[in-house]
Each structure stands twice: as C-alpha cells, then as structure tokens.
Amino acid sequence: MLRAIALAFADLGQPRVMAILFQALAAALLVFVAAAALIFWLLAGSDPCSSIGVSSCKLDAGAGGIGAILLTLLAGWFLFPAVAIMVITTFADRISRTVEEHRYPAAAKKAHPIGIARGAVMGLRSAGRLILFNILALPFYLLLLITGIGPFVLFIIVNGIAFGRDLAELAAARHGDRASRRAWLRATRGEQHLIGTVVSILFLVPFLNLIAPVVGTAAAIHLFNRSFWTTSDRSKEFAASGDQPAVIEKHS
C-alpha cells in the first residue's frame with residue numbers, strides 16, 4: 001500500500017497527469033462559482049430575519065454578495081471532498097489510461113473504457129455517499145468541537161472509509177468482470193481504507209488538498225494493478241495473450 005502511494009506521488013511528475021489535475025481543479029472551481037452565483041441570487045433581496053419572526057433585515061446586493069461568499073466558503077470546506085471525487089470520476093478513463101500506459105502497459109491493452117454515462121453515475125454515487133456520511137456524522141462533529149482535534153480525527157475516519165471504497169471501485173472499473181472486481185474489493189478492504197485515510201489527511205492540509213483526489217485515484221490504480229492480476233487464473237489469462245502480468249511495472 002505504501003508503494004502504491006509513493007508511486008501515486010511520483011506520477012504527479014507526468015505532464016499528462018498534471019494536465020488532468022489542473023483541468024479537474026478548474027472544473028471543481030466552476031462548480032463552486034456556480035454555487036456562489038445561485039446562493040447570491042437566493043439571498044439578494046431576501047429577508048432572513050422576518051423568516052424567523054424577528055424584525056426585518058432585508059439584504060441588499062452587497063450583503064447578499066458577502067453572504068454568498070461566506071456560505072460558499074463554508075460549503076467549500078464541507079463539500080470540497082465530495083465535489084472533488086465527483087469531478088475526478090469524470091476524468092477516470094484519462095487518469096487510468098495515463099497511469100497504466102506508463103506503468104502497466106499490458107493491463108492498459110486489456111482495459112475497457114468506463115464511458116461518460118457510467119463515470120457520471122459513479123461520480124454522483126460517490127459524492128452522494130460522502131455527503132450522506134458527513135451529514136450523519138455532523139452531530140458528532142459538533143459534539144467533538146470541545147476537544148479541538150476531535151472533528152478532524154472523525155473527518156479522517158468517516159471520509160477514509162468512503163474514499164477508500166470509491167477510489168478502489170474507480171480503479172477496478174476498467175478491468176475484469178463484476179464478480180472478479182467484487183472479489184478483489186472484498187480482499188483489499190484494509191488497503192483501500194489506508195489509501196482513503198491518507199487521502200482524507202491530505203484534504204485537511206492546505207494546498208495538498210488540491211492534489212488529494214488525483215493522488216488517491218492513482219494510488220488506487222497502483223493497488224489494483226499490483227494485486228488484481230496476481231491470481232493464477234488471471235496470470236494464465238496474460239500468459240495466453242503473450243503479455244506480462246500487469247504487476248510488472250514499466251519504468252521510464
């Protein structure tokens with residue numbers, strides 16, 4: 001697992017990976033800009049005080065803009081992991097193809113593209129799962145505020161579980177059949193959780209949180225290709241095709 005994470009960081013040196021990273025960040029930024037615009041439209045001219053039975057405090061354009069910025073920043077802190085995993089899933093084929101062509105060329109030849117529709121479904125499902133997990137954990141986040149570090153520890157635990165599973169499904173989506181993917185997912189739960197934990201920690205660190213989704217995706221791809229193809233049946237599959245097992249890396 002540590003090898004998979006180390007390789008994922010090394011992959012950031014590839015121009016194609018960095019290009020995907022910048023495109024994914026731009027897409028995530030557009031999501032939050034759109035959210036800010038929507039919040040501004042909802043707040044401008046509204047009267048939040050009267051809605052709770054207090055004297056009127058109608059918001060003008062300036063106050064609505066400030067409120068939209070503050071709410072977007074708050075939503076960004078809470079929702080950025082979910083938005084990031086949703087966005088990065090739309091780039092799943094490109095990330096997987098880039099990493100596998102560089103390190104696991106035999107596996108890259110056998111891969112089946114995820115496709116836009118399937119990628120969108122996976123991204124929405126992953127984002128929904130992350131949001132649900134964090135909403136369920138919200139009361140505990142609030143209770144742990146008195147400890148100072150408690151909410152951060154809980155964030156790592158809750159999101160580590162979700163990230164590990166989602167990134168592993170993303171890495172496995174291009175290979176094998178449903179039964180073999182499920183068997184691999186069951187067999188590597190511990191490694192998945194460790195990768196998810198590392199990604200969750202990265203999300204808490206300024207600037208490193210920007211690379212967290214790509215690093216996590218690449219690490220899951222490495223974990224998959226270094227473990228999925230090692231069973232006897234899959235090794236025979238590669239031998240029959242004249243390829244080397246994908247676990248044998250191609251170094252630049």
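Looking at every heavy atom in both residues, G176 comes nearest to R181 through O-NH1, 3.1 Å. The nearest pair of heavy atoms linking A111 to E100 is CB-OE1, 4.1 Å. Nearest heavy-atom pair, A212 versus L202, reported as atom, atom and distance to 0.1 Å: CB-CB, 3.7 Å. Counting all heavy atoms, side chain and backbone alike, A168 lies closest to A220 at N-CB, 4.1 Å. In plain terms, the two heavy atoms of P213 and N209 that are nearest each other are CD-O, 3.7 Å. Among all heavy-atom pairs drawn from L136 and P139, the shortest one is O-CD, 3.4 Å.
Counting only heavy atoms from C-beta outward, the side chains of L167 and F224 never approach each other to under 4.5 Å. A 4.5 Å side-chain heavy-atom check between F9 and V215 finds at least one atom pair inside the cut-off. You'll find the side chain of H222 reaches within 4.5 Å of the side chain of R103, heavy atoms only. Between T89 and I114, the closest side-chain pair of non-hydrogen atoms is not below 4.5 Å. Residues R189 and H193 fail the side-chain proximity criterion, which asks for heavy atoms closer than 4.5 Å. Taking the side chain as every heavy atom from C-beta outward, L144 and F152 never approach each other to under 4.5 Å. Side-chain contact check for F140 versus V158: every heavy-atom pair is 4.5 Å or farther apart. Using a 4.5 Å cut-off on side-chain heavy atoms (C-beta onward), F163 and V198 make no contact.
Note on V83: it does not cluster hydrophobically with L132, by side-chain heavy-atom contacts below 4.5 Å among ILVMFWY residues. Note on V121 and V31: separate hydrophobic clusters, where clusters join Ile, Leu, Val, Met, Phe, Trp and Tyr whose side-chain heavy atoms are under 4.5 Å apart, directly or indirectly. Residues L30 and L21 fall into different hydrophobic clusters, defined by Ile, Leu, Val, Met, Phe, Trp and Tyr side chains chained together at heavy-atom separations under 4.5 Å. A chain of hydrophobic side-chain contacts below 4.5 Å, direct or via other Ile, Leu, Val, Met, Phe, Trp or Tyr residues, connects L12 to I195. Grouping the Ile, Leu, Val, Met, Phe, Trp and Tyr side chains by contacts below 4.5 angstrom, directly or via other members, places L138 with F133.
Going from atom CD1 of I221 over to atom OG1 of T98 covers 8.5 Å, rounded to the nearest 0.5 Å. Rounding to the nearest 0.5 Å gives a distance of 8.0 Å between CD1 of I161 and OG1 of T197. Taking CG from L185 and CD from E169, the interatomic distance works out to 6.0 Å, rounded to the nearest 0.5 Å. The CG atom of L7 sits 11.0 Å away from atom CG of L223, with the distance rounded to the nearest 0.5 Å. Taken to the nearest 0.5 Å, the CE atom of M122 stands 12.5 Å off from the CD1 atom of I88.
Using a 3.5 Å distance cut-off with no hydrogens or angles, the side chains of T188 and Q192 do pair a donor with an acceptor.
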Practice task
I would like to know whether Y141 and N134 meet side-chain contact (heavy atoms from CB on, under 4.5 Å); could you show each step before the answer?
Solution key: CA-CA 9 Å; Y141 283 134; N134 282 279; 2.7 Å; yes

Practice task
Show your reasoning for whether salt bridge (Lys or Arg N to Asp or Glu O under 4.0 Å) applies to E101 and R16.
Solution key: CA-CA 11 Å; E101 286 178 353; R16 290 168 62 189; 3.3 Å; yes

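Between H175 and F228, the distance separating the two ring centers is not shorter than 6.0 angstrom. The distance between the ring centers of F155 and F203 does not fall below 6.0 angstrom.
Counted within 6.0 Å of CZ on R182, heavy atoms from surrounding residues, nucleotides or ligands total 12 or fewer; the atom is thus considered open. Under a cut-off of 6.0 angstrom, the local environment of CG in L142 is crowded, with over 12 non-hydrogen atoms contributed by other residues, nucleotides or ligands.
Distance alone, capped at 3.5 Å, is enough to place a donor-acceptor pair between the T90 side chain and the V87 backbone.
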